[in-house]
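Chain identifiers are assigned alphabetically (A, B, ...) following the order of the sequence lines, protein sequences preceding nucleic acid strands; residue numbering begins at 1 within each chain.
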2 protein chains.
Amino acid sequence: MDGTVEATAQIDPSPAPEGPIRPGRKRDHTRDPEIMTAAIDVLAEVGYERMTVDMVAARAKAGKATLYRRWPSKADLVLDAVGCMGAAKAGPLPDTGSLRGDLVALLSPRTVHDADHKLKVMLGLASVTAHSPELAESIREAFLEPRAAVTRALLERAKERGEISPSCDVGLLSRVSSSMVISRAMFEHRPVDRAFLLSVIDGVIIPAAGVGPAAGR
Amino acid sequence: MDGTVEATAQIDPSPAPEGPIRPGRKRDHTRDPEIMTAAIDVLAEVGYERMTVDMVAARAKAGKATLYRRWPSKADLVLDAVGCMGAAKAGPLPDTGSLRGDLVALLSPRTVHDADHKLKVMLGLASVTAHSPELAESIREAFLEPRAAVTRALLERAKERGEISPSCDVGLLSRVSSSMVISRAMFEHRPVDRAFLLSVIDGVIIPAAGVGPAAGR
DNA sequence: GATTTCCGGAACTGAACGGTTCCGTATATG
DNA sequence: CATATACGGAACCGTTCAGTTCCGGAAATC
């Protein structure tokens, strides 16, 4: 994964031994992002197994052959699409002065909404993770890790300023929220809304971090 | 789900208007449990999508036709199999005197091992949960809920005896462990072993429950 | 022993889908 | 304008698999 927004060029077997310049149309890579988003959307809607390459082509108004000209298989297409999604910006950390304030600040409607979209994509990919550690890792990198990294940073800062227990396991705590979100969506089929996220913050993360009751509220 | 070990009789369209008693063989339900376990095993090994009815029949040394005689579709077969799995015994709660002791007592090698098997089944079913809330609910009931119920009971007892904070959210905390297990297995592909489970207990649940540091250890 | 019903097993049917090929058209080079 | 290539679209191929049907044999009832 190169972290850019364009689709990664899969492979270029020709080691560029340039013969005479050939006439003809060039490959139109300007539409690659549309194809990637089409793939992601279909994925979110029907999941990997029910997603067909035809669906993606149709949604992107491209020919199926065009897709196969660029990605050797459905799996590669999806892998690339997921990789491209990782290329989100990392806005500056919130800094409200308290850990709880910072965590709550992450819950803007905007953030919650597109986390929801990403969540659907993840659920759609759930079945594949077992057979493809490679894809599982891509998913983790694109969806889980960025969020966890932010949380981890907030926790570390809080620890440095002595707000939370110096012994608490920051790495583990930073993964609590996403884990609970996933299993709620997957097996409880209940909405992952602001109220739920708040209850995780106030019912698990904050107390587990060793903030005395009522501190920072 | 009836909670018994035998497969649930799917439907019995005949309202028992008994004509003269007919000769002939009766349906042999003694092998149903074998079929159910075969289904569960295949599910754990290859997941719902790659599981074929032939595989199940072969493993149970039954004919595919026999399976279809009993369950109208692959989905029903799986649903029933999952339902049958819920019928585990609930041993007596551990009672070591401290919440941590009780939670650790749940981590016997036996328990951890078959939790691992159940986990594989859940991962195999992950893809279907999105399309079938019914199955998602069955899974929750068969795999998640029993474990959560035990944890919840332990937490409530600890709360009653004043060991943990009276304000802590027992319902939420009882789901922390399974959530973290699922996402670890699914996206991190790291082993769900005793060490990890201990770190969840000591790094999240115990401190989140408001046990003062070093209490009960 | 005749009859009825189930069994396991194998062959069959039909649909879905990954992947390929072909076609008519558009576009860029020379 | 000629050539070469990529495009969208559709037809096509081969496989896999859910679900059905048919068979010979074994039980259970009569």
Provide, to the nearest angstrom, the distance between the [atom1] atom belonging to [X] and the [atom2] atom belonging to [N].
X	N	atom1	atom2	value
B:Tyr48	D:dC17	OH	C1'	12 Å
A:Asp28	D:dA4	CG	C1'	17 Å
A:His29	C:dT27	NE2	C1'	16 Å
B:Arg25	C:dT5	CZ	P	14 Å
B:Leu67	C:dC6	CG	C1'	14 Å
A:Asp32	D:dA6	CG	C1'	13 Å
B:Glu34	C:dC7	CD	P	13 Å
A:Lys74	C:dT20	NZ	P	15 Å

Please tell me which of B:Arg69 and A:Arg69 maps to the more 5' nucleotide of DNA chain D, matching each residue to the nucleotide holding its nearest heavy atom. A:Arg69

Examine the base of D:dG19 for any acceptor or donor lying under 3.5 Å from a partner atom in the side chain of B:Lys64, and report the outcome as yes or no. yes

Closest listed nucleotide, where the reference is the side chain of A:Tyr68 and the choices are C:dG19, C:dT21, C:dC7: C:dG19

From the list D:dG9, D:dC22, C:dC7, which nucleotide is the closest neighbour of the side chain of B:Thr66? C:dC7

Any chance the side chains of B:Asp54 and B:Thr52 put a donor and an acceptor closer than 3.5 Å? no

Testing the 3.5 Å rule here: is there a donor-acceptor pair between the side chains of B:Ser179 and A:Ser183? yes

Ignoring backbone atoms, test whether [X] places a side-chain nitrogen or oxygen under 4.0 Å from the OP1 or OP2 oxygen of [N].
X	N	result
A:Lys26	C:dA28	no
B:Thr52	D:dC17	no
B:Arg31	C:dG8	yes

Comparing nearest nucleotides in DNA chain C, the 5'-proximal residue of the pair B:Ala65, A:Ala65 is B:Ala65

Of B:Gly24 and B:Arg27, the one whose nearest nucleotide on DNA chain C sits closer to the 5' end is B:Gly24

So A:Ala57, base contact, sugar-phosphate only, or nothing? Heavy-atom distance under 4.0 Å. nothing

Describe the nucleic acid contact of A:Met51 in one word from base, sugar-phosphate, nothing, applying a heavy-atom distance below 4.0 Å. sugar-phosphate

So does B:Asp116 pair up with B:Lys120, basic N to acidic O under 4.0 Å? yes

For the pair A:Arg152 and A:Glu145, find out whether any cationic side-chain nitrogen is under 4.0 Å from an anionic carboxylate oxygen. yes

Rounded to the nearest 0.5 Å, what separates atom CZ in A:Arg184 from atom CD1 in A:Ile182? 14.0 Å

